[in-house]
Every structure is written in C-alpha cells, then in structure tokens.
Amino acid sequence: MTGQDGRPPHPPGEPAPVPWPQPGPGQSDPGDPGVPPVGPPLRLSPKVLLTEPIKMLPSLFLPLAGVLFVGGFSPGSFFWAALGVAGSVAYAVVRWATFTYQVVGDRLELTRALVSRSVRTIPLERVRGVDVSNPPLHRLLGIAVLKIDTGAGGEDKQEGELDGVTVAEAERLKAVLLRHARAGAARRTANPETVAATAGPYGQEVSAPVRHAPAERVLFVVPRRWLAYGPLSGAYLLTPFALAAGAVGLAFQWGNELRIDGRFVVGAGEWIWDHPVVLLAALVLLVLAMPVAGGVMYAVFNWDFTLRVREGYLVAERGLLTRRSVSLERRRVRGFELVEGIAERWAGVARAWAVVTGLGDSQTRGQLLPVVPKTKALDVVGEAIGPAISRLRPHPPVARRRRLFRAVFPWLLVALCAGTAALAWSPLWWVPAVAALLLAVLGVPLGLDRYRSLGHAYDGTRLSVRSGSLRRSQAVIEERAVVGWKLTQTPFQRQARVLTVTAGVGAGSGGYSAFDVGEAQGVAFAAEVTPAWLAPFLLNEPQE
C-alpha cells in the first residue's frame, strides 16, 4: 500500500519523515531505492564576505603601503588604495555568488561558474574523514571550515574544502558525508540481504553497518594541568627564535618594499655584533622564553583535547584560538605509533598517533593524544585501538657496536681534523676540536641508549618495532596491514651479518623498520608474521 506520492504510508505513532524535494531537471528521483534525496544547490554563508577580504589583507598590505608611500599619502594615493580594497571585496562577492555545493546521489559536487563552469566531483565512497575547524574570526561569526579527506595524500585535486559554512551546516554535512561513505563501504562488502537491511522505509540509507553503532562515548579529555608537559615535546621551544628570525626578515623586507634605509638595519646588526654583552643578553632572554613560549603554543594548539568515539569514528577535538575536529574511521585504523622524546622519556610522558589507511597529512590528522603520561596514553590507546606489545625481542650485540661507532667516530674524526688544523695553522681551531671531543664523549651514552631502544615482536595478531633515542618511536601494526616486506643490507651490515627488515604497510608512513636485526632473526620475523609469503624463498634442509 502506498500514499499519493508512491511511498509507503507513514506508520502510526512514529515521527513523520522530513519531506523530500521534488526532483528537478536532470536530478535523481528521491523515491528510487538506495538513492539519497537531492536538494537544491547550496551556497556558503554570506558571512564569508567579511572573512575573505580580511584573509586577503596580508597579501595586500605591502602593495597598499607602497602605494601610500610612493604617493606621499596624497588624496590620490588614498583613492587608489581604497580602490584596491574595494576590488578585493568585489572579488570576494563574485567568488561567493559563483560557488555552490550539492550532494548528488553518491557524490559531492563543488561547482564554480565564473567565466567557465567547473565541477569538482568527490565520490562519497572515497571520503576517509571530515575535518571541521573554527579559526578565531570564523568562531566570532558563527561559521566554520569543513575539509574533506579522500586519502589522496593531500593533493588538492582530490580533496574538497568549504570555507564559510555555518556551524550547524558543517555538522549536518559532516554527518551526511560520513554516513553515506560508511553506507557505500557496507555495500561493497555486504551481501544483497545486508544492503537491503540498511535501507530505510523510503529507500534512503540510514546506516551502513548491520549492527547498531554505539552511542557517542568520550574516551579521554586531557586535563588542563597537563598542558605543563607541552615544553617537553621540543617542537614549540624554538618559537622565540622563530619570532626573532621573522622580525629580522620583516625588517629587511620593509627596507626593500617601503624604501626604509637598509643601511640602518645592517648598521643595527653590526652594532649588536660589536657589543657581545647585548647579544649574550638577547640570547639568554630567548632561551629563558623557550619554555614559556613552548607552553603557550602547546596550549593554543591542544587546549581541551578530547578523544571520543562517535558512530564508528574516532573524533579528536582540540584548539584554543582555532578549534579543530578530526574524524578517523575506526575500520581503517591499522595500529598506532607511540613517540617519546628524550625529555619526555625522562618525565614519563609520550604522544600517540593512529596508523590509518588512506589518510592524508597523517602527522596532523592522525594525532590521538598530545603529550600525556605514558601510562595513561597506553590505557587510552589500548581502549581505542588495542594494547601495546610490552616485551620486545632484543637485537644482537653487534647492533650495539654499530650504534656506538656511528655516535662516536664522526666526532672523533672532526676533532682529529680540527686538532691538525690547530697545530698547522691557527690555535682557534682548538675550539671546534674540544667541542667535537665533548660530543664524542656524549655519543657513548647516546649510542648505548639507541641500542636499548631497538626491539621487535609479534604476538600472533600484531607486530611491533621500536627504534630511536632522541625521538624514540614504537609502532604497533595489525598483521592484516602488512602488504609486503623489504630486507636490505649495506656493505657494513653484510660484514656484521645484520640487516634491516621493513614491513610495508598501506597506512601511516608506509613502512616500519627493525634496524640491525640478525640475518636469521630478521628472516624468521618476517616469516613468522606472513609465513605463506616467504615459504617459497626459504631453503629447506637437504633430505638424506
């Protein structure tokens, strides 16, 4: 029995479905089973007419300032500067008016019709994740930036971005894209009966998995007091030096573009160099500012970091000025990577990234946890992905000798060359010679620690490799993620009878290596994980 529109009658006692728009010319009939409804093309929020000109200001600032300086701040120069600003506003209006987006069937279409019509099509089945971010100005205006990750390695031609949708529209479109992407994946792997079970009473897709997705669940929220661990990561500590270098570069750029006498800038630099006390005081101030700047930058990027599970996705939200939400499809997660710097290991903290197939910019989008206590990181990652492998197999003693040699010998060679130059030419060469000797001495504990960090293991379902000292990384990968093996030997490794075993993985960095493994040990490791692959290449014992 059907209603006047040819659809099944609405069951009593249930909320009425949202009415579908009637199909226009060239549009699909929303009543067809399995075809999502097609609405009219949508535009970005008109509020982007405020954000786009402001985004253009950094690129327009120097030209406009140059016009004013060249014109002597005359009325004519102000007229041309105002004309440039008006042109940028008009350009933003034209871009807004000629851009539309629309979900049509199993694809998202981004259309721009300025001089010629161009349509970018993104198949929903290729959607790997949807990121929603709110820069400060966007948050003030109540709009957001929605970026679609298709696993194309960040290539612009394979990804889409909607800069300027309302927050409500961003969340609605995010849910639609992820739901249809999940439904398309289910259609590729399920039988016809399962696919039919995922369709609603009117043919629309309501859910991809056969089983009901669990309700949203918060896995972990980073306490704000843990932001004090930020300076330990090291990445943000160089912020004061980066700002100082940027200021020097800007001064030179102003000198060229705005006709400021460059000799003044050069003279100031020479004066500072001739007064080493001032230079030393500046360096001390920059060094003292490093932990403060590191903590501030860490808080800006990781404020209220929240990891949650939502409808088959791991959702990481973070940020103070720019709030960002990244969704990782759990069925594409193949493991995780735990990273510890040398200061982080001393403090007992670590960071974690997910190893995900088809994820562009994995170092940013794949972050599961910022710097948190290592025990807590293992608990959270274990609940979200799987437990880590704690007991790793050690590598042969020759690997220790190789690490000591590589950490000490280069500096001894530098010290020998600098000492020879000091005896032959100038005593000033004793400075780099002594510095190189100190680094050679420090290389001994560094080499020993690098050896202690080496390890690999396999527990029947997952493999793990670990290496590094200044940045120690342990990757835990599911067996099904391995797509190949690479066994390599340098001439020195061949002499030492060790090799490097790399597990090729179609996720994360693409490969994870166990360095300086014994020859028999490395082959046995690969054969243990994928015995059927290596069996034809292994020599059997001769039969008597």
Side-chain angles (χ1 to χ4, degrees), residues 229 232-235 335-353 355 369 371-379 381-382 386-412 436-459 462-477 487-490 492-503 508-509 511-526 528-529:
Y229 295 130
L232 298 176
S233 65
F336 63 89
E337 188 175 4
L338 204 67
V339 177
E340 308 163 85
I342 190 167
E344 295 168 339
R345 290 163 57 192
W346 172 78
V349 297
R351 295 163 283 162
W353 276 266
V355 177
L369 289 173
V371 180
V372 298
K374 185 177 180 179
T375 55
K376 189 62 180 180
L378 292 174
D379 292 340
V381 173
I389 301 177
S390 57
R391 294 187 177 181
L392 302 180
R393 302 168 189 171
H395 291 194
V398 67
R400 177 173 55 238
R401 295 196 298 269
R402 284 176 51 80
R403 258 125 197 88
L404 286 171
F405 180 83
R406 294 168 65 178
V408 175
F409 178 75
W411 297 115
L412 289 179
L437 284 176
L438 291 176
L439 291 175
V441 173
L442 293 176
V444 174
L446 178 63
L448 293 175
D449 186 66
R450 284 178 176 175
Y451 172 71
R452 286 192 297 266
S453 297
L454 294 178
H456 65 280
Y458 177 65
D459 64 357
R462 295 159 302 149
L463 61 96
S464 178
V465 294
R466 189 180 66 187
S467 63
S469 178
L470 301 180
R471 183 186 184 273
R472 188 169 74 177
S473 172
Q474 180 179 0
V476 179
I477 309 297
L487 281 67
T488 57
Q489 272 187 316
T490 65
F492 296 105
Q493 284 182 314
R494 190 178 302 113
Q495 183 180 7
R497 301 186 65 82
V498 294
L499 51 80
T500 297
V501 181
T502 302
S509 61
Y512 297 91
S513 301
F515 298 98
D516 286 349
V517 185
E519 291 179 338
Q521 188 183 30
V523 175
F525 176 50
E528 182 183 12
V529 179

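Source: prediction; values computed, not measured.
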Query raised in the report: Residues two or more places apart in sequence or in another chain: which of them pass ring pair (Phe, Tyr, Trp, His ring centres under 6.0 Å) with F405?
Result: F409
Query raised in the report: What are the two closest heavy atoms between V498 and E519, and how far apart are they?
Result: N-CG, 4.1 Å
Query raised in the report: Do S453 and Q474 come close enough that some side-chain heavy atom pair is under 4.5 Å?
Result: no
Requested in this report: Would you confirm whether R497, through its side chain, and A520, through its main-chain N or O, come within 3.5 Å as a donor-acceptor pair?
Outcome: no
Report summary line: Rounded to the nearest 0.5 angstrom, the CZ-CG distance for R351 and L232 is 10.0 Å
Query raised in the report: Do the side chains of L338 and L378 get nearer than 4.5 Å, heavy atoms only?
Result: yes
Query - Interatomic distance, I389 atom CD1 to L463 atom CG [nearest 0.5 angstrom] - result: 7.0 Å
**Report entry** Point-to-point distance, once rounded to the nearest 0.5 Å, from CD1 of I477 to CZ of R462
**Finding:** 10.5 Å
Can I get a per-line list of side-chain donor-acceptor pairs under 3.5 Å for residues 396-404, giving both atom names and the distance, sequence neighbours left out?
unit_1 : atom_1 : unit_2 : atom_2 : d
R402   : NE     : D516   : OD1    : 3.2
R402   : NE     : D516   : OD2    : 2.9
R403   : NH1    : D516   : OD2    : 2.4

Report summary line: Distance col, row D459:CG vs E528:CD, nearest 0.5 angstrom, shows 9.5 Å
Report summary line: Between the CG atom in L446 and the CD1 atom in I342, the distance rounded to the nearest 0.5 Å is 7.0 Å
Query raised in the report: Taking all non-hydrogen atoms of both residues, which atom of L392 and which atom of A457 are closest, and how far apart?
Result: CD2-CB, 3.7 Å
Query - Minimum side-chain heavy-atom gap L412-L437 below 4.5 Å - result: yes
Query - Minimal non-hydrogen separation, A407 against G443, with atom names - result: CB-O, 3.3 Å
Query raised in the report: Can you name the ring pair (Phe, Tyr, Trp, His ring centres under 6.0 Å) partners of F525, sequence neighbours left out?
Result: H456, W485
Requested in this report: Taking all non-hydrogen atoms of both residues into account, name the closest pair between G522 and V501 and its distance.
Outcome: CA-CG2, 3.6 Å
Query raised in the report: Which atom names give the shortest non-hydrogen contact between F515 and L454, and what distance separates them?
Result: O-CD1, 4.1 Å
Requested in this report: Flag the pair Y512 / S464 as yes when at least one side-chain heavy-atom distance between them is below 4.5 Å, and no otherwise.
Outcome: no
Report task. Count the heavy atoms of every other residue, nucleotide or ligand shown that sit under 6.0 Å from CZ of R393, and state whether that count exceeds 12. Result -> yes
Query raised in the report: How close do A514 and V465 get, heavy atom to heavy atom, and via which atoms?
Result: CB-CG1, 3.9 Å
Query raised in the report: What distance separates L499 CG from Q489 CD, expressed to the nearest 0.5 Å?
Result: 5.0 Å
Report task. Measure from the side-chain N and O atoms of Q521 to the backbone N and O of P394, and report whether any donor-acceptor pair falls under 3.5 Å. Result -> yes
Report task. Identify the residue among R452, E344, R450, R466 that makes a side chain to side chain contact (heavy atoms under 4.5 Å, CB included) with R472. Result -> R466
